Undergrad: 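I have a structure here, written as structure tokens, and I will follow up with some questions on it.
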Amino acid sequence: MTTPKTFHVKSFGCQMNVYDGERMGELLAAGGLAVADAADADLVVLNTCHIREKATEKVYSDIGRLRKGGREPMIAVAGCVAQAEGPEIARRAGVDIVVGPQAYHNLPTLVAKAAAGESALDTDMPAASKFGALPARRRVGASAFLTVQEGCDKFCTYCVVPYTRGAEISRPWSAVVDEAKALVDAGAKEITLLGQNVNAWEGVDEAGRTQGLDGLIRALDRLPGLARIRYTTSHPNDMTQGLIDAHREVESLMPFLHLPVQAGSDRVLKAMNRSHSRDSYLRILDRVRVSRPDIALSGDFIVGFPGESDAEFEETLALVDAVAYAQAYSFKYSPRPGTPAATMEGAVLPEVMDERLQRLQAALNRDQAAFNAGTIGRRCDVLLERPGKLPGQLIGKSPWLQSVHLVSDAAIGDLTSVDIVAAGPNSMTGAAVIRAAA
Ligand code: 5AD
Ligand code: SF4
């Protein structure tokens with residue numbers, strides 16, 4: 001196989017994969033490779049997700065598509081499927097490189113090995129972090145991701161993350177602050193701090209004090225040029241009062257919180273090993289709303305966990321009614337090999353799962369529409385991220401993470417004042433506020 005000159009990275013799944021995909025791209029570009037479309041690239045990196053079923057089949061069908069018409073690009077399988085099923089994937093025809101989420105700083109070496117016809121598999125979880133071996137951030141959009149925490153020690157019984165991403169680790173204070181500065185220098189106005197349990201982040205600041213995520217957010221708030229801070233995903237048990245207070249006190253911290261609950265029944269939560277109850281979750285949200293009354297709440301839900309009864313599912317619907325989420329994600333339970341729930345009894349019938357998911361999504365859509373309608377008439381800043389389809393149209397994000405479409409002569413990357421005038425199912429329409437000349 002010849003040494004590739006062009007590459008394409010395709011990321012699936014969560015925002016942490018998007019971040020990893022960007023960093024792999026930067027690493028390959030630093031090695032002299034040029035970006036290309038998937039259909040022409042000499043090297044295609046499939047940055048995979050393993051959270052739900054059919055992940056592996058999806059990778060194989062993608063590889064089949066890439067090899068259509070006799071093309072034989074070098075193919076690297078990265079991400080959580082690589083971590084979970086590395087050796088099996090490496091044996092598949094067409095796969096040249098397998099690299100796990102903690103080992104991708106070795107991608108250039110693996111590419112060289114594959115080009116020399118050697119086997120190229122690295123799914124190590126080394127003690128030293130990959131981040132130090134990656135090139136500095138150079139060019140990013142107005143809104144950038146920054147992974148500050150990886151892995152998970154919570155071991156929810158349905159979830160593969162503790163196995164594919166490893167134990168909870170926090171990147172050091174100075175590494176995060178330095179990367180945030182580099183992102184701002186590269187054009188970022190907004191940074192979203194990422195972690196599987198981002199609110200479990202912990203570090204030691206320049207003065208030797210132990211800090212939680214709230215301390216980090218307060219430090220980033222002081223960075224000149226950084227207008228907005230967000231963070232995701234959080235676990236209820238790590239929702240400290242300091243972080244809740246930061247939502248009132250730190251102006252650049254956006255009024256949005258993604259706090260998954262998964263289910264509304266205490267029995268199901270216990271079987272999921274969530275280590276919080278319905279009530280303790282709702283009490284956290286009460287405190288968050290006291291701190292920041294306009295906060296947009298988001299969550300994740302799983303329907304049809306083994307043994308979930310009709311009455312238990314109704315408790316999820318009742319919780320949704322009580323919270324009124326601004327938006328949320330909902331999934332059918334999918335058994336993952338190697339997780340405790342995969343061998344639990346009481347599988348829920350597929351048609352029952354379908355019906356539950358439909359009812360839940362109808363309730364979530366109703367609440368999302370109500371939240372969006374409730375922002376009509378508000379004046380807020382929108383961070384412009386990309387052009388829209390119509391001439392002069394731009395698309396950006398409101399503080400509550402809604403997509404806002406508007407016609408404006410402002411530039412991408414600007415934070416511009418907007419009156420929200422209408423709500424669609426997935427986006428808002430804004431009118432640029434014309435400032436009177438001073
Ligand atoms: N089946 C269905 N949904 C799952 N999630 C995680 N594991 C599973 C699974 N086995 C969902 C959870 C989590 C989100 C990222 O994916 O809701 O919060
Ligand atoms: Fe998975 Fe639970 Fe950890 Fe979230 S908290 S990554 S759902 S084990």
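Bear in mind that the values here come from a model prediction, so they are computed numbers and not experimental data. Just so you know, ligand 1 is whichever comes first in the structure, and atom 1 is the first atom listed for that ligand.
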Undergrad: Considering heavy atoms of the protein only, find what lies nearest to atom 11 (C) of ligand 1 and give residue, atom and distance to 0.1 Å.
TA: Arg52 NH1, 3.4 Å

Undergrad: Hydrogens and angles aside, do His258 and Asp300 bring a side-chain donor and acceptor to less than 3.5 Å of each other?
TA: yes

Undergrad: Looking only at distance, does Gln262 have an N or O less than 3.5 Å from an N or O of ligand 1?
TA: yes

Undergrad: Over 60° means perpendicular and under 30° means parallel, so tell me whether Tyr231 and His247 are parallel, tilted or perpendicular.
TA: tilted

Undergrad: Test the Arg171-Phe131 pair against the cation-pi criterion, namely NZ or CZ under 6.0 angstrom from the six-membered ring centroid and within 45° of the ring axis.
TA: yes

Undergrad: Considering only the protein, which heavy-atom contact is closest to atom 2 (C) of ligand 1, and what is its distance?
TA: Lys332 O, 3.3 Å

Undergrad: What is the nearest protein non-hydrogen atom to atom 8 (C) of ligand 1, stated with its residue, atom name and distance?
TA: Tyr158 CD1, 3.7 Å

Undergrad: Below 4.0 angstrom from a heavy atom of Arg336, which ligand 1 atoms are there? Numbered from 1 as shown, please.
TA: 10 (N)

Undergrad: Quick check on contacts: which atoms of ligand 2 are under 4.0 angstrom from a heavy atom of Phe155?
TA: 8 (S)

Undergrad: Identify the protein heavy atom lying closest to atom 7 (S) of ligand 2, giving its residue, its atom name and the separation to 0.1 Å.
TA: Tyr158 OH, 3.2 Å

Undergrad: Report, in ascending order of atom number, the atoms of ligand 2 lying under 4.0 Å from any heavy atom of Val161.
TA: 6 (S)

Undergrad: For Asp300 and ligand 1, does the shortest N/O to N/O distance drop below 3.5 Å?
TA: yes

Undergrad: Between Glu385 and Lys189 (salt bridge meaning N to carboxylate O under 4.0 Å), is one present in this structure?
TA: no

Undergrad: How does Cys152 reach ligand 2, if at all, at less than 4.0 Å between non-hydrogen atoms: by side chain, backbone, both, or neither?
TA: side chain

Undergrad: Salt bridge between Lys154 and Asp238, side-chain N to carboxylate O under 4.0 Å?
TA: yes

Undergrad: Under a 4.0 Å N-O cut-off, is there an ion pair linking Glu179 with Arg23?
TA: yes

Undergrad: Short list, please: which atoms of ligand 2 are under 4.0 Å from a heavy atom of Cys156?
TA: 2 (Fe), 5 (S), 7 (S), 8 (S)

Undergrad: Any idea which protein heavy atom is nearest atom 1 (Fe) of ligand 2, and the distance to it?
TA: Cys159 SG, 2.3 Å

Undergrad: Would you mind listing which atoms of ligand 2 come within a distance below 4.0 Å of any non-hydrogen atom of His235?
TA: 5 (S)

Undergrad: Flag the pair Phe301 / Tyr325 as yes when their ring centroid distance falls below 6.0 Å, and as no otherwise.
TA: yes

Undergrad: Ile51 heavy atoms, cut-off 4.0 Å: which ligand 1 atoms fall inside?
TA: 5 (N), 6 (C), 7 (N), 8 (C), 9 (C), 10 (N), 16 (O)

Undergrad: Under a heavy-atom criterion of less than 4.0 Å, does Met272 contact ligand 2?
TA: no

Undergrad: Tell me if the centroids of the rings in His235 and Phe155 come within less than 6.0 Å of each other.
TA: no

Undergrad: Does a side-chain N-to-carboxylate-O contact under 4.0 Å join Lys270 and Asp266?
TA: no

Undergrad: Check each heavy atom of Pro162 against ligand 2 and say whether those closer than 4.0 Å belong to the side chain, the backbone, both or neither.
TA: side chain

Undergrad: For Ala246, is there any backbone N or O sitting under 3.5 Å from a side-chain donor or acceptor partner on Ser291?
TA: no

Undergrad: Can you report which non-hydrogen protein atom sits closest to atom 9 (C) of ligand 1, along with the distance?
TA: Ser334 O, 3.6 Å

Undergrad: Taking CD in Glu351 as the centre, count heavy atoms belonging to other residues, nucleotides or ligands within less than 6.0 Å. Is the count above 12?
TA: yes

Undergrad: Starting from atom 4 (C) of ligand 1, which protein heavy atom do you reach first, and at what distance in Å?
TA: Ile302 CD1, 3.6 Å

